[in-house]
Student: 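This structure is in structure tokens; I'll ask about it shortly.
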There are 2 protein chains.
Amino acid sequence: MATADTTADTTAAEVNNPIRNGVDTAALFATLDAVKQAPKAAGFQFRAHNQWISGTHNRSTIAGFFGVGEERTHERTFVFDADHPAVLVGQDHGPTPVEFLLHALAACLTAGLANIAAARRVRLTEVRSTISGDIDLNGILGLNPEVRNGYERITVRFTIKGDAPADKLRALVEQSRARSAVYDVITGQVPVTIEVDTP
Amino acid sequence: MATADTTADTTAAEVNNPIRNGVDTAALFATLDAVKQAPKAAGFQFRAHNQWISGTHNRSTIAGFFGVGEERTHERTFVFDADHPAVLVGQDHGPTPVEFLLHALAACLTAGLANIAAARRVRLTEVRSTISGDIDLNGILGLNPEVRNGYERITVRFTIKGDAPADKLRALVEQSRARSAVYDVITGQVPVTIEVDTP
């Protein structure tokens, strides 16, 4: 997500030419300064609303969120379908839920990378990644109690080009990993509460 | 995901009228039986390809996967943009990566619920959920080392209607949670390997 490198400092050149990699670095540093002054502004709540359609097909809408002290909405409402492919007894109206996890992780690492590169004055020309997750469905099918339900492992392979030596480009990825919200959720543990209303 | 209740058994009526909640229960039980006979068929690999566009804006495509012993493709290629909203120094071309996590969890629990309800002969008429995740961005901004990068907590609130008593409807959710791939990834820990190529 909004990963920044707080060790970089703003210069006059930065203020005069603040856009790098499409990142408004002046706005990025201003945001960091604002949160330093008012840490509670960084308390966010994100949300999705999901509706079952039929079988394994369901649809989420994402619009409102809370942040910087008030309710906000995205510029438009985003709608995503999820389903299973035929081989998993679905109708393939959308990716599987676990594929959206892979998208989330690749997107988070990449967004952070662009911010960190901008803060470190590295111009990126290309960032691509392939992310794969291995899963043994004997877990969720209930056929083998020794197999977990989720991914056994996830691998991300980045290809990165920019105006910096290879070790500096690699360090961008490492810093993005170290400050990635989705990486933390997937490699760490988040408490989930489920409530059910049956009107 | 493809959560099934293996304690339910197939009957002649099931074979004659196998569709419930849009779930082809005959196909579901046939799949379970096939995997029981050949457990290696349940080894799947899902993938996404991500390309950086500008700033925090990037795009994933999801098309191919491996399962039941061979390479497969979805019926179409799915494309998803992710970005940050303006308040997080982005241009709001898509939801944030952490919002896709919420969609993945709600979708996984809901797909499982529909399968389990079908296996238990419960007809669902409505399943809705609101999922929210609380996150303190002091973590990813690097401003407070005691704050984690990811969600502090996630809450899912289901509203479920169907032709079963409330306790039976609640039990469907509990079984779906117990067999959810995404719930396991978020509440557990998955090893993630990141490789970087700098051509």
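Chain naming here is simple, since letters A, B, ... match the order of the sequence lines and numbering starts at 1 in each.
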Student: Return the option, out of A:Arg177, A:Gln51, A:Arg76, A:His93, with the maximum number of heavy-atom pairs under 4.5 Å with chain B.
Tutor: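 Most pairs with chain B among the choices: A:Gln51.
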Student: Could you have a look at A:Val87, A:Val173, A:Val68 and say which one has the most heavy-atom pairs with chain B under 4.5 angstrom?
Tutor: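 Of A:Val87, A:Val173, A:Val68, A:Val87 has the most heavy-atom pairs under 4.5 Å with chain B.
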Student: So which part of B:Val35 gets closer than 4.5 Å to some heavy atom of chain A, the side chain, the backbone, both or neither?
Tutor: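 Its backbone and side chain both get close to chain A.
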Student: For A:Val89, which atoms come within 4.5 Å of any heavy atom of chain B: side chain, backbone, both, or neither?
Tutor: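 For A:Val89, the contact with chain B is made by the side chain alone.
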Student: Are the side chain of B:Tyr183 and the backbone of A:Asn149 linked by a donor-acceptor contact shorter than 3.5 Å?
Tutor: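 Checking the backbone N and O of A:Asn149 against the side chain of B:Tyr183, no donor-acceptor pair under 3.5 Å is found.
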Student: Look only at the side chain of B:Thr155 and the backbone of A:Thr193, and say whether a donor-acceptor pair between them is shorter than 3.5 Å.
Tutor: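 No; judged by distance alone, with no hydrogens or angles, the pair does not exist.
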Student: Mind ranking A:Arg47, A:Arg72, A:Glu99, A:Lys40 by heavy-atom pairs under 4.5 Å with chain B and telling me who comes out on top?
Tutor: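 Between A:Arg47, A:Arg72, A:Glu99, A:Lys40, the count favours A:Glu99.
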Student: Tell me if a side-chain donor or acceptor on B:Arg123 pairs with a main-chain N or O of B:Asn21 at a distance below 3.5 Å.
Tutor: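 No, the answer is negative, given that no donor and acceptor are paired below the 3.5 Å cut-off.
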Student: Based on non-hydrogen pairs under 4.5 Å, which of B:Val196, B:Thr110, B:Val23, B:Thr130 is most in contact with chain A?
Tutor: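 Maximum pair count with chain A is reached by B:Val196.
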Student: How about CD on A:Glu71, more than 12 heavy atoms from neighbouring residues, nucleotides or ligands closer than 6.0 Å, or not?
Tutor: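 Enclosed.
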Student: Counting heavy-atom pairs under 4.5 Å to chain A, which of B:Pro95, B:Gly22, B:Gly67 comes out on top?
Tutor: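 If we count pairs closer than 4.5 Å to chain A, B:Pro95 comes out on top.
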Student: Is the backbone N or O of A:Asp83 less than 3.5 Å from a side-chain atom of A:Thr56, with the two atoms forming a donor-acceptor pair by type?
Tutor: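 Between the backbone of A:Asp83 and the side chain of A:Thr56 there is no qualifying donor-acceptor contact (under 3.5 Å).
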Student: Taking every heavy-atom pair that is under 4.5 Å apart, which of B:Asn50, B:Thr198, B:Asp197 has the most such pairs with chain A?
Tutor: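 Result: the option with the highest number of such pairs is B:Asn50.
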Student: Is a side-chain N or O of A:Asp92 found less than 3.5 angstrom from the main chain of B:Glu75, in a donor-acceptor match?
Tutor: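 Between the backbone of B:Glu75 and the side chain of A:Asp92 there is a qualifying donor-acceptor contact (under 3.5 Å).
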Student: Would you say B:Leu105 ends up clustered with A:Ile154 if hydrophobic residues are merged whenever their side chains have heavy atoms under 4.5 Å apart, either directly or through other cluster members?
Tutor: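 Hydrophobic grouping puts A:Ile154 with B:Leu105.
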Student: Using modelled atom types and a 3.5 Å cut-off, is there a donor and acceptor pairing between side-chain atoms of B:Asn138 and backbone atoms of A:Pro39?
Tutor: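 Confirmed, B:Asn138 side chain pairs with A:Pro39 backbone.
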Student: Check each atom of A:Ile62 against the heavy atoms of chain B and say whether the ones under 4.5 Å are side chain, backbone, both or neither.
Tutor: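 When you check distances to chain B, only side chain atoms of A:Ile62 fall under 4.5 Å.
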Student: Might you confirm whether atom CD of A:Gln37 has over 12 heavy atoms from other residues, nucleotides or ligands at distances under 6.0 Å?
Tutor: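 Counting other residues, nucleotides and ligands, CD of A:Gln37 stays at 12 neighbours or fewer.
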Student: Is the CD atom of B:Glu70 crowded by more than 12 outside heavy atoms at less than 6.0 Å?
Tutor: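 Atom CD in B:Glu70 is crowded, with more than 12 foreign heavy atoms closer than 6.0 Å.
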Student: Looking at A:His103, A:Glu152, A:Arg170, A:His49, which has the largest count of heavy-atom pairs under 4.5 Å with chain B?
Tutor: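 The candidate making the most pairs under 4.5 Å is A:His103.
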Student: Can you tell me which of B:Ile131, B:Asn144, B:Asp24, B:Asp136 forms the most heavy-atom pairs within a distance under 4.5 Å of chain A?
Tutor: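 With the most close heavy-atom pairs to chain A, the winner is B:Ile131.
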Student: Name the member of A:Gly133, A:Gly139, A:Ser54, A:Ala82 that forms the most heavy-atom pairs with chain B at distances under 4.5 Å.
Tutor: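 Heavy-atom pairs under 4.5 Å are most numerous for A:Gly133.
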Student: So for B:Val185, is it side chain, backbone, both, or neither that comes closer than 4.5 Å to the heavy atoms of chain A?
Tutor: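 Both parts, heavy atoms under 4.5 Å.
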Student: Can you confirm whether the side chains of A:His84 and A:Thr96 place a donor and an acceptor under 3.5 Å from each other?
Tutor: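 No, no side-chain donor-acceptor contact under 3.5 Å.
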Student: In terms of heavy-atom proximity below 4.5 Å to chain B, should A:Asn58 be classed as side chain, backbone, both, or neither?
Tutor: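 Only the side chain of A:Asn58 comes within 4.5 Å of chain B.
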Student: Would you mind telling me which of A:Gly150, A:Ala42, A:Ala27 has the largest number of heavy-atom pairs within less than 4.5 Å of chain B?
Tutor: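 That would be A:Ala42.
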Student: I need the minimum non-hydrogen distance between A:Val98 and B:Ala181, along with the two atoms involved.
Tutor: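 Here A:Val98 and B:Ala181 meet closest at CG1-CB, 3.6 Å.
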Student: Against chain A, label B:Phe44 side chain, backbone, both or neither, depending on which of its atoms sit under 4.5 Å from a heavy atom there.
Tutor: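 Both backbone and side chain.
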Student: Looking at B:Gly162, B:Pro165, B:Ala114, B:Ser132, which one has more heavy-atom pairs under 4.5 Å with chain A than the rest?
Tutor: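 Result: the option with the highest number of such pairs is B:Ser132.
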Student: Measure distances from B:Phe65 to the heavy atoms of chain A and classify the residue's part below 4.5 Å as side chain, backbone, both or neither.
Tutor: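 The side chain, not the backbone.
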Student: Taking atom CD as the centre, does A:Gln45 end up with more than 12 heavy-atom neighbours from other residues, nucleotides or ligands that are less than 6.0 angstrom away?
Tutor: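 Counting neighbours around CD of A:Gln45, more than 12 heavy atoms of other residues, nucleotides or ligands fall under 6.0 Å, so yes.
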Student: Please classify the contact between A:Arg59 and chain B as side chain, backbone, both or neither, with a heavy-atom cut-off of under 4.5 Å.
Tutor: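 For A:Arg59, there is no contact with chain B at all, as no heavy atom is under 4.5 Å.
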Student: Using non-hydrogen atoms only, which part of A:Glu174 is less than 4.5 Å away from chain B: side chain, backbone, both, or neither?
Tutor: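 When you check distances to chain B, no heavy atom of A:Glu174 falls under 4.5 Å.
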Student: Can you tell me which portion of A:Thr31 sits under 4.5 Å from chain B's heavy atoms? Options are side chain, backbone, both or neither.
Tutor: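 The side chain, not the backbone.
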Student: Name the region of B:His57, side chain, backbone, both or neither, that has any atom closer than 4.5 Å to a heavy atom of chain A.
Tutor: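 Contact with chain A involves no heavy atom of B:His57 at all.
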Student: Relative to chain A, which of B:Gln91, B:His74, B:Glu126 shows the most heavy atom pairs under 4.5 Å?
Tutor: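 Greatest number of close heavy-atom pairs with chain A: B:His74.
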Student: At a 4.5 Å cut-off on heavy atoms, which part of A:Ile53 comes close to chain B: side chain, backbone, both, or neither?
Tutor: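 It is neither, since no heavy atom gets under 4.5 Å.
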Student: Report yes or no: does A:Asp81 contribute a side-chain atom to a donor-acceptor pair with the main-chain N or O of A:Gly94 at less than 3.5 Å?
Tutor: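 No; judged by distance alone, with no hydrogens or angles, the pair does not exist.
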Student: Which region of A:Phe78, side chain (C-beta onward) or backbone (N, CA, C, O), has a non-hydrogen atom less than 4.5 Å from a non-hydrogen atom of chain B, or is it both or neither?
Tutor: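 Side chain of A:Phe78 only, per the 4.5 Å heavy-atom cut-off to chain B.
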Student: In the single-linkage hydrophobic clustering (I, L, V, M, F, W, Y; side-chain heavy atoms under 4.5 Å), do A:Val192 and A:Ile140 co-cluster?
Tutor: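 Linked, A:Val192 and A:Ile140 end up in one cluster.
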